[in-house]
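Here the structure comes first, spelled out in structure tokens, and everything after it is commentary.
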2 protein chains.
Amino acid sequence: MTGNRKTASTSVTIGDIARVAGVSRSTVSRAFSRPELLNPETVRRVKAAADELGYVMNHAARALSTGRFGNVAVVVPDIANPFFPPLVRRVQTLADAAGYAVFLGDSDEIADREANLTSRLSAQVEGFVLASPRLDEDRIRELDASRPVVLVNRDIEGLARVLIDPSGGLDEAVAHLHRLGHTRVVYLSGPRESWSDQQRRAALARAAGRAGLEVIVQELGRPSSAGGRDAVGGILASEATAVIAFDDVVAQGVMAGLALRGIDVPRDISVIGCDDTLASGTHPALTTISAASAAAGDAAAELLLGVLASGERSDARVTIATHLVVRATTEAAHTIGG
Amino acid sequence: MTGNRKTASTSVTIGDIARVAGVSRSTVSRAFSRPELLNPETVRRVKAAADELGYVMNHAARALSTGRFGNVAVVVPDIANPFFPPLVRRVQTLADAAGYAVFLGDSDEIADREANLTSRLSAQVEGFVLASPRLDEDRIRELDASRPVVLVNRDIEGLARVLIDPSGGLDEAVAHLHRLGHTRVVYLSGPRESWSDQQRRAALARAAGRAGLEVIVQELGRPSSAGGRDAVGGILASEATAVIAFDDVVAQGVMAGLALRGIDVPRDISVIGCDDTLASGTHPALTTISAASAAAGDAAAELLLGVLASGERSDARVTIATHLVVRATTEAAHTIGG
DNA sequence: TTGAAAGCGCTAACAT
DNA sequence: ATGTTAGCGCTTTCAA
């Protein structure tokens, strides 16, 4: 025999419906995809036959024929990082409403895994949302050449992207620390490849420069609570009185590490996080920089769905502002010698 | 013209490779799917040509021909609920390693959305992981009849499922509270449709009965921090001295609400969460019942991939034990009249 | 070990 | 408004 002998056990095809409804297969096809071209009565008869037989579309066949899949993919470096779930959720919700199913890819922060995922997925999706991609620019452009991609927190000229701009929040954070009397702050960086980290680092340097605050950058690599905890030694050694962490998870780790050594926050040291993912659930409640990952998800989904609906590529650059959310971890005043 | 005029701009097909490698299309196909049938040298030449051209498989075409898609789906009630990301992550990782891409569905806790997702997805996946499904048993069985389903935290006879058994942790929690002198505890329930909630409720009732502890159940609906916060009034009215929350998120909300009213945890009241998703990042560090959602993800993925690999359905019932993780929120002793 | 040919279920140009 | 026909990219029998 040839081809596929036994697909899903007893799958009902367009041909079966055609037979039952007494029309051609094209007519059945049209009854589903372009019913306005058909006699309403014919459509009715076809749909009735379909229901009776329990017909379900074979998407693979349709995709093969049209080149369209009705799927999009969202890939993230780490779905367990609390920044991403709200984003993924909005993308999934909006995509679903527009009739798309969504693939999830988790690159585990590694660029090559991301490359594998995207190339594997590109064969069955209409487009991509790449959140904080670790891929190099060339590979991203290459991908975008075959399928529209929308970037989140990565700024590549000519591609659609939604960017969370940390400068607003960081300006406020620096002003806040300055007002409190701090003169030296350590920044616990995120992954080198992370656009977000580069932005935060640069924005912090600018703001600190203006305010006359000294910034010591401490490299951390993959952001994690454990990483934050282990960074405490270095922080203490620097004699800084405040720390700004790459994200809330790291900040939480720092606070845990500080607590382990009996160091009080905010009396002895101030801590500021980023992303506002841990809300007020830390001890003490964490001062942080908002990030609105859900808003980023909305924007990304709208961008992608817009491109898919219109067929026209976009190089929109939507930016999302941030601000400082002051909570308990920066309460105490640090006056010089205080 | 007929059929598809312009698929992905310049997609490389088997035919292109065949031309370059100077073999037939069947040979190219075999080089990928059954290389052991071919002369190793031929395989090498074909793969070289494929690499050179930048070939990527058209999964839709393969699926159409074989009836297999190479995709699985994981559907959750709320990806933003911290219980699920670690689970999803493990499923994604193991599925990827086995050559499957994964669809993510988020039902937003509503059964009909879940039904839509699963039926939409069943046309392009090999199988499902349904985490804490809100669907009724009939619809789940129906789905399982067409594609293998692995359930997480839902116990349906005859289906493959992985269950987190709360009784170990709850027994310990009750013993712990009893030892501390508590006599009345409120349980803040989760969604009614939730198997986990039913289990927790029942296990708690059993344990409390044995220990002579009074349990007051307070309905909460969708678990959220805000819900926990708003439940504080009722908790206080009940005059209970301890609360066990459906999950850590709710527990965190309770603590926030308590703090707002100036009520000290654990001096005035003890709080215990479930799932250990917030680690020690709360204030004070939350006593909780472990849940190991990552382990559940591993088990679910292994079950599903096993079924897909062997072609044999499974009705395995894997259970994951829990235990109490004591932290600061239950430190103080409540002796009668104390 | 390899090639030829048919067909998976669907869509779309073309004809009517 | 509907039927005819070819073909999307792949796998698989069958023949060599």
Side-chain angles (χ1 to χ4, degrees), chain A residues 1-47 49-50 53-70 122-124 146, chain B residues 1-46 49-50 53-70 122-124:
Chain A
M1 239 219 111
T2 104
N4 169 17
R5 256 144 335 223
K6 44 182 69 166
T7 308
S9 34
T10 29
S11 79
V12 178
T13 79
I14 265 195
D16 301 326
I17 300 177
R19 211 161 302 121
V20 170
V23 295
S24 75
R25 299 183 326 153
S26 341
T27 299
V28 176
S29 173
R30 280 189 277 253
F32 290 110
S33 34
R34 327 265 323 262
E36 68 280 10
L37 299 185
L38 257 39
N39 186 322
E41 165 57 16
T42 308
V43 174
R44 208 200 46 68
R45 231 173 48 243
V46 169
K47 298 227 158 156
L53 298 178
Y55 171 73
V56 300
M57 252 279 293
N58 180 326
H59 279 253
R62 184 208 277 269
L64 182 54
S65 184
T66 60
R68 304 193 66 265
F69 307 93
S122 73
Q124 40 189 345
S146 73
Chain B
M1 233 218 120
T2 100
N4 169 16
R5 257 148 333 227
K6 44 183 65 167
T7 311
S9 35
T10 29
S11 79
V12 179
T13 77
I14 264 195
D16 301 326
I17 300 177
R19 210 160 304 120
V20 170
V23 295
S24 74
R25 300 184 327 156
S26 338
T27 299
V28 175
S29 173
R30 280 189 277 250
F32 289 111
S33 34
R34 327 265 321 262
E36 68 279 11
L37 298 186
L38 257 40
N39 185 322
E41 166 57 15
T42 308
V43 174
R44 208 197 48 68
R45 233 171 50 242
V46 170
L53 299 178
Y55 170 74
V56 301
M57 252 281 290
N58 181 325
H59 280 254
R62 185 209 277 269
L64 181 54
S65 186
T66 60
R68 306 191 66 262
F69 307 93
S122 73
Q124 40 188 344

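Labels below follow one simple rule: chain letters A, B, ... track the order of the sequence lines, proteins then strands, and each chain is numbered from 1.
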Measure [atom1]/[X] against [atom2]/[N] and give the value in whole Å, please.
X	N	atom1	atom2	value
A:N58	D:dC10	CG	P	16 Å
A:F69	C:dT11	CZ	P	14 Å
B:D16	D:dG9	CG	P	9 Å
A:I14	D:dT4	CD1	P	15 Å
B:R68	C:dC8	CZ	C1'	15 Å
B:R44	C:dT1	CZ	P	17 Å
A:L64	D:dG7	CG	P	14 Å

Indicate the atoms forming the closest heavy-atom contact of [X] with [Y], along with that distance.
X	Y	value
A:V12	A:L53	CG2-O, 3.2 Å
A:I17	A:Y55	CD1-CG, 3.5 Å
B:V46	B:A31	CG1-CB, 3.6 Å
A:L64	B:A61	CD1-CB, 3.7 Å
B:Q124	B:F69	O-CB, 3.4 Å

Upstream residue (5' side of DNA chain D) when A:R25 and A:R30 are each assigned their closest nucleotide
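By nearest-heavy-atom nucleotide position, the 5'-most residue is A:R30.
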
With heavy atoms under 4.0 Å as the rule, sort B:F32 into base, sugar-phosphate or nothing.
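Nothing: the residue B:F32, judged by heavy atoms under 4.0 Å, touches no strand.
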
Under 4.0 Å between any heavy atoms, over every strand shown, what does B:S29 touch: base, sugar-phosphate, or nothing? Just pick one.
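The residue B:S29 makes base contact.
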
Once hydrogens and angles are ignored, does a donor-acceptor distance under 3.5 Å link the base of C:dA12 to the side chain of A:S26?
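Result: at least one qualifying N/O pair found.
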
Nearest listed nucleotide, side chain of A:S65, among D:dT11, C:dT11, D:dG9:
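Nearest listed nucleotide: C:dT11.
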
Considering only side-chain heavy atoms of A:R62, which listed nucleotide, C:dT11, D:dT11, D:dT4, is closest?
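Minimum distance to the A:R62 side chain belongs to C:dT11.
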
Is the phosphate of D:dG3 approached by A:S24 (side-chain N or O, under 4.0 Å from OP1 or OP2)?
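It does, given that an N or O in the side chain of A:S24 lies less than 4.0 Å from OP1 or OP2 of D:dG3.
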
Under 4.0 Å from OP1 or OP2 of D:dG3: is there any side-chain N or O of A:T27 that close?
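For D:dG3, OP1 or OP2 has a side-chain N or O of A:T27 closer than 4.0 Å.
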
Does one side chain, of B:S26 or B:S29, offer a donor that lies under 3.5 Å from an acceptor on the other?
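No, because no side-chain N or O of B:S26 sits under 3.5 Å from a partner of the opposite role on B:S29.
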
Which ones in residues 33-43 of chain A lie close to DNA chain C, meaning a heavy atom under 4.0 Å from one of its atoms?
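Result for residues 33-43 of chain A: none.
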
Enumerate the residue pairs fulfilling side-chain hydrogen bond (donor to acceptor under 3.5 Å, both in side chains) with a member in residues 31-45 of chain B, sequence neighbours excluded, ordered by first and then second residue.
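Residue pairs passing side-chain hydrogen bond (donor to acceptor under 3.5 Å, both in side chains), neighbours aside: B:E41-B:R44.
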
